[in-house]
Amino acid sequence: MEVENLKKRIAELEAELELKDKQASIINNIQGDVCLRPIGGRKSSEKISIVSFRSFSITDKRRQIEDLCRDLVINNDHISKMEQGLRKAIDKGLNKETHSSASVKCFPTFVEHLPSGHEVGKFLALDLGGTNFRVVLMSITGSQSDMESEIFPIPESIMRGPGHQLFDHIADCLARFVKAREITDVLPLGFTFSFPCKQEGLDSGILITWTKGFSCSGVEGNDVVKLLKEAIERRNDVKIDVAAILNDTTGCLMSCAWKNPKCRIGMIIGTGTNACYLEETGNIHTLSQESSSSGQMIVNTEWGAFGDHGELDFILTRWDREVDRNSINPGKQIFEKMISGMYMGEVVRQVLIDLQSEGLIFQGYEENLKKWGCFLTKYVSEIESDPVGDYTRCRGALEELGISNPSIEDCSALRYVCECVSRRAGFLVSAGITALLKKMDYHDVVVAVDGSVFRYHPHFPNIVRSRIAQQMGIEYKFDLMLSTDGSGRGAALVAAVLCGQCPI
C-alpha cells in the first residue's frame, strides 16, 4: 500500500513538472515585459496569470519594416535645422551679391498691391502649371464674383516638344474659349505660369527651368509672355491684353487676400510646391530703386529648389536620391521632390521595392511595382483615408496595381510606409512656413494654401498646422486658409487690381 502511494505521488510530481515546463516554454516565447503572479491571493497555485505591457501584435516582420523606414522619420530638431537653413537661403536669394549662387532665388513679382474688395469688371485668366491648363472668365462686382472656366489637356508630346508648339496649343484653346462665349471686348488677362521664372516686370517673365515633367525646347531663358503674345498674333483671330504674369502661389495669395486682409503668405502643395510672401521692398536688394513705389512687394521664393546645394543632405534618404536620379531634372528641386504630389507616390514605391527585396511585403507581386510612377500619390491619400483597422480603400488601390487579396499584415505595412512619407512631407512644409513667419515677424498672419496634396490628403493640414504651432509658440497667431481656385481667380484679380491700383 505504501509503495502504491509512493508511485502515485511520483506520477503527480512528474505531471506538475511537465505543466511547469509548458508554462516556462510559453513565457520564453512572449515578447515584451511581463508580470507573473499567482491567482488567488498569496497562496501558491499551479496556474499563472500573465499581463503584458507591450502589444503582442508587433511581429518581427513589422519591426524589420519599421527599422528599414527609420530614415524617413524626422523630429523637431530636424525641423528647426531646416527652418534655419531655409531662412539663410532666403536671405541669400534677396541679396544682390549672393542671389546668383542662392538655391532659393526669391524673385520679385512686381505685384505691389493686394485686392481691396472694390474691384469691378470682367477679366481673363490663363492657368498653366501641370498636365492641364485652364482658361477663366471672371466677372467682379465688389465682394461678389462669377466665374466661368474650361480645362484643356496638354498631351505629353507637347509637354516635351518644341516651345512654339506648346504656346500655339495654348493660344488655340484660348481662342476657342473666347469665341464660344462671344467675347468681343479686349479684356485684360492674368497669366499664371507656375514654373521658376525671373520677372523683369509685371508683363515680362524669363523661364529659369522647366519642372513638373515639362521639357519644351526653346523656352528656358526666354520671355514666356512674349512667346504667348506671338502665338496669339500668329492666329490673328482674337485680341487679348496679356497684362501680367504671375506664379500660382501669387495667385493663391491674391485670391485669399481678396477675402481676408490678413493674408500675407501663399503656398502650393500639389504637383509641385512653392511659396510666396509679402516683403518690405527695402529688403529686396535685387530690385532697382525705381522698381517700387508702395514699399512692399510679393516675393516668389521658388523654395522647391531648397536643398539643391546640399542643405537637405542630412535627411536625404537613398529613396530620395533614387527618385532624383531617375527624374528629368537630376540634382534640381530637391525640396519639391520630398514633398510634392508628383514625387510622393514614387518615394513610397521605392521603399516598397526595398521591402519586397527583403521579403517583407507583397511577395509574388514584384513585377507589379517595377514601373516608374505606377504608385500614384492619390493612392497615399486613399490608403490613409481608411479608418484604423479598415483597409477598403487600400485594397482598392492595390487592385488597380494588380495586387489581389493582400493580407492584413501587408495592408498595415503599406499604410505605415505611406504615413512615414506623407508625415515627413508635412514636417518639411511646416519648416518652410515657420521660416517665412519668422522672417516676416508678423504676429497674426493668414497663410493661403492650395494644391492637391493639401486639399485631398486626410491628415496633411493637421500635421502642418500642429508642427508650425510647436515651432512658433503661443505669442504668434496664424491660420491656414484653403484657397478657392487661386491660380485662376488670383490671376484675374491681379489683372483687376492693375486696372485700379488699389493700395495694400
Side-chain angles (χ1 to χ4, degrees), residues 76 78-95 99 102-109 111 114 196 246-257 260-269 272-286 296-307 311-312 335-336 338-340 425-451 454 460-461 463-473 475-483 486 490 504:
N76 282 343
H78 294 132
I79 295 173
S80 180
K81 186 174 180 178
M82 280 187 285
E83 175 263 312
Q84 293 172 31
L86 183 54
R87 269 197 286 165
K88 289 179 182 177
I90 289 171
D91 288 338
K92 285 187 70 174
L94 293 171
N95 191 309
H99 175 82
S103 59
V104 182
K105 292 299 186 183
C106 292
F107 296 116
T109 65
V111 177
L114 299 185
L246 61 147
N247 194 276
D248 53 355
T249 53
T250 303
C252 176
L253 170 54
M254 293 291 283
S255 179
C256 286
N260 191 323
K262 292 181 180 179
C263 191
R264 291 293 183 270
I265 296 175
M267 176 174 66
I268 301 292
I269 315 166
T273 184
N274 192 19
C276 68
Y277 72 103
L278 194 64
E279 179 62 273
E280 300 292 329
T281 52
N283 295 330
I284 310 173
H285 301 293
T286 53
Q296 290 181 309
M297 184 179 291
I298 296 174
V299 167
N300 167 27
T301 66
E302 290 297 344
W303 76 5
F306 182 54
E311 301 99 328
L312 294 172
F335 193 59
E336 180 171 89
M338 299 174 75
I339 291 173
S340 72
F427 285 8
L428 288 164
V429 170
S430 70
I433 291 298
T434 300
L436 293 180
L437 290 171
K438 289 185 177 180
K439 175 79 172 65
M440 297 169 71
D441 200 31
Y442 286 104
H443 283 251
D444 190 1
V445 177
V446 171
V447 180
V449 191
D450 202 356
F454 190 89
F460 205 88
I463 291 170
V464 173
R465 188 176 282 110
S466 65
R467 289 292 157 166
I468 294 174
Q470 287 184 30
Q471 295 292 311
M472 293 302 298
E475 67 271 18
Y476 287 88
K477 183 181 177 183
F478 74 94
D479 193 18
L480 304 181
M481 180 178 180
L482 187 62
S483 174
I504 291 175

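Everything numeric here is computed off the predicted structure, so don't read it as measured data. As a basis for the values below, the full set of heavy atoms in this structure was taken, side chains included, without hydrogen atoms, waters or symmetry mates.
The OG atom of S430 sits 8.5 Å away from atom CD of Q470, with the distance rounded to the nearest 0.5 Å. Summarising the geometry, atom CD belonging to Q296 is positioned 4.5 Å from atom CG belonging to L278; distances are rounded to the nearest 0.5 Å. How far CG of L428 is from CD1 of I433: 12.5 Å, rounded to the nearest 0.5 Å. Rounded to the nearest 0.5 angstrom, D91 CG and N283 CG are separated by 8.5 Å. To the nearest 0.5 angstrom, L253 atom CG is 11.5 Å from D248 atom CG.
Between M267 and T249 the shortest side-chain heavy-atom distance does not fall below 4.5 Å. The shortest distance between side-chain heavy atoms of T286 and L94 does not fall below 4.5 Å. Annotation: side chain of M440 is in contact with side chain of R264 (closest heavy-atom distance under 4.5 Å).
Residues satisfying the side-chain hydrogen bond (donor to acceptor under 3.5 Å, both in side chains) criterion with S103, sequence neighbours excluded, are E311. Take Q471 and apply the side chain to side chain contact (heavy atoms under 4.5 Å, CB included) test, not counting sequence neighbours, and it matches N76, I79, S80, T434. A search for ring-ring contact (aromatic ring centres under 6.0 Å, His included) contacts involving F478 returns nothing, not counting sequence neighbours. Legend: residues meeting side chain to side chain contact (heavy atoms under 4.5 Å, CB included) with T109, ordered by chain and number and at least two apart, are V111, Q199, T250, M297, I298, N300. Applying the side-chain hydrogen bond (donor to acceptor under 3.5 Å, both in side chains) test to S483 and every residue at least two apart in sequence or in another chain returns nothing.
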Original post:
Run the side-chain contact (heavy atoms from CB on, under 4.5 Å) check on N274 and E302 step by step: do they pass?
Top reply: CA-CA 5 Å; N274 192 19; E302 290 297 344; 3.6 Å; yes
**OP:** Tell me, with the steps shown, if I90 and Y277 meet side-chain contact (heavy atoms from CB on, under 4.5 Å).
**Re:** CA-CA 11 Å; I90 289 171; Y277 72 103; 3.8 Å; yes
Original post:
What's the verdict on side-chain contact (heavy atoms from CB on, under 4.5 Å) for D479 and V447, showing C-alpha distance, side-chain angles and the deciding distance?
Top reply: CA-CA 6 Å; D479 193 18; V447 180; over 6 Å; no
**OP:** Report the C-alpha separation of F306 and L312 in whole Å, then their side-chain angles, then the decisive distance to 0.1 Å, and conclude whether the side-chain contact (heavy atoms from CB on, under 4.5 Å) test is met.
**Re:** CA-CA 8 Å; F306 182 54; L312 294 172; 3.7 Å; yes
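Contact detail for L86 and A435: the closest heavy-atom pair is CD2-CB, 4.0 Å. Minimum interatomic distance between Y476 and Y442 (heavy atoms only, all atoms of both residues): CD2-O, 3.3 Å. Across F335 and W303, no two heavy atoms sit closer than the pair CD2-O, 3.2 Å. Here the shortest heavy-atom pairing between C263 and L114 reads O-CD1, 4.1 Å.
Side chain of S466 to backbone of I463: a donor-acceptor contact under 3.5 angstrom is found. Checking side-chain atoms of D450 against main-chain N and O of C252 turns up no donor-acceptor pair under 3.5 Å. With hydrogens and angles ignored, the 3.5 Å screen pairs no side-chain donor or acceptor of T273 with any backbone N or O of E336. Checking side-chain atoms of H99 against main-chain N and O of G93 turns up a donor-acceptor pair under 3.5 Å.
Residue pairs that meet the salt bridge (charged side-chain N to carboxylate O under 4.0 Å, His left out) test with at least one member in residues 435-444, sequence neighbours left out, are E83-K438, K262-D444, E279-K439.
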